[in-house]
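Input: a single structure, listed below in structure tokens.
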Amino acid sequence: MNIDQILFCVMGFVALTSALLVAISNNLVRSLFMFFVTLFALAGLYVFALADFVAVTQVVIYVGGVLVLMLFAFMLSNKEVLNNLQQSNSKFISVGKLPAVLVAVLFAIVLINAILKAAPDTLQWVKASAQSNNIIKPTDNTINNIGINLMTRYLLPFEIISVLLMMTLIGAAHLARKEEHKL
Amino acid sequence: MITLSNFLLIGAGLFCIGIYIILSKRNAIQILIGIELIINSAILNLVAFGKYDKVNNAGQAFALFGIVLAAAAVAVALAIILNVYRQYKTIDPSKVEKLKG
């Protein structure tokens, strides 16, 4: 086993375990910080898929932006919610959660079966791109290519995303404002 | 050798945990975390397949778009959650039953 395989296994294990801890824990703050760990482990996995720019973006946007926003929202919504959560049923599997467990397990069975049957490493186009040297190598510099592609091939989605971000900015500011004259 | 199916299996696991969180939690912020986990598993799949597309970079470009979309969704959803909290003094989705505040 190589060092990169061991690191990959550790990253995947950390990602899945911390996601499970997010699911198990009833304390909202603890689950938020476990989500933080999941996001970091996922950024590590992106590095293993040789997408370093996406990994850095993940750390900057998710860990820097989204998580701080969530903590902020948690602090604005109060602590009485937290008390209610803590005295509720803390078992992982209870009767009320049985449908959720059932759906999740069924989804897991279907997805794992599909992945193992599909055998993605032997797909036609994956093999073809590996043969025609269209595969990213660890020594490549991909950021140049991403920038050029974003400005040429993916220009339309890029512009649509920017319009959507503008809409989100206006919409979130409108929703979050204080209402002066409440009915 | 790290194969493609390793990435896909981890993504499938994250997806199922996200589904479980969405269906079982009684707190809007935790449901939002579940949605984020699902989006992240999709991004993981995009990135894993993007390794085999060096020229066009489709996987990585759309992974970036996905991250931006998730961030925008979180901003709007948190604004809605804060509004719901202001109206109902709770963020349990099952206790929010009137459409008109």
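Judged purely by distance below 3.5 Å, without hydrogens or angles, the side chains of T142(A) and N145(A) never pair a donor atom with an acceptor atom.
Between chain B and the options C9(A), A172(A), A19(A), heavy-atom pairs under 4.5 Å are most frequent for A19(A). If you tally non-hydrogen atom pairs under 4.5 Å between each of F72(A), F8(A), W125(A) and chain B, the highest count goes to F8(A). Between chain A and the residues V68(B), L64(B), V84(B), L69(B), the largest count of heavy-atom pairs under 4.5 Å involves L64(B). In terms of heavy-atom pairs under 4.5 Å with chain A, the best-connected choice from L82(B), I19(B), I67(B) is I67(B).
Interface residue F49(B): backbone and side-chain heavy atoms are both found under 4.5 Å from chain A. Contact of I39(B) with chain A is made through the side chain alone, with heavy-atom distances under 4.5 Å. For L8(B), the parts sitting under 4.5 Å from any heavy atom of chain A are the backbone and the side chain alike. With a 4.5 angstrom heavy-atom cutoff, I81(B) does not touch chain A via any of its atoms. Interface residue I21(B): only side-chain heavy atoms are found under 4.5 Å from chain A. Within the 4.5 angstrom heavy-atom criterion, no atom of A77(B) approaches chain A. At a 4.5 Å heavy-atom cutoff, I22(B) makes no contact with chain A through either its backbone or its side chain.
The neighbour count for Q124(A) CD, taken as heavy atoms of other residues, nucleotides or ligands under 6.0 Å away, does not exceed 12.
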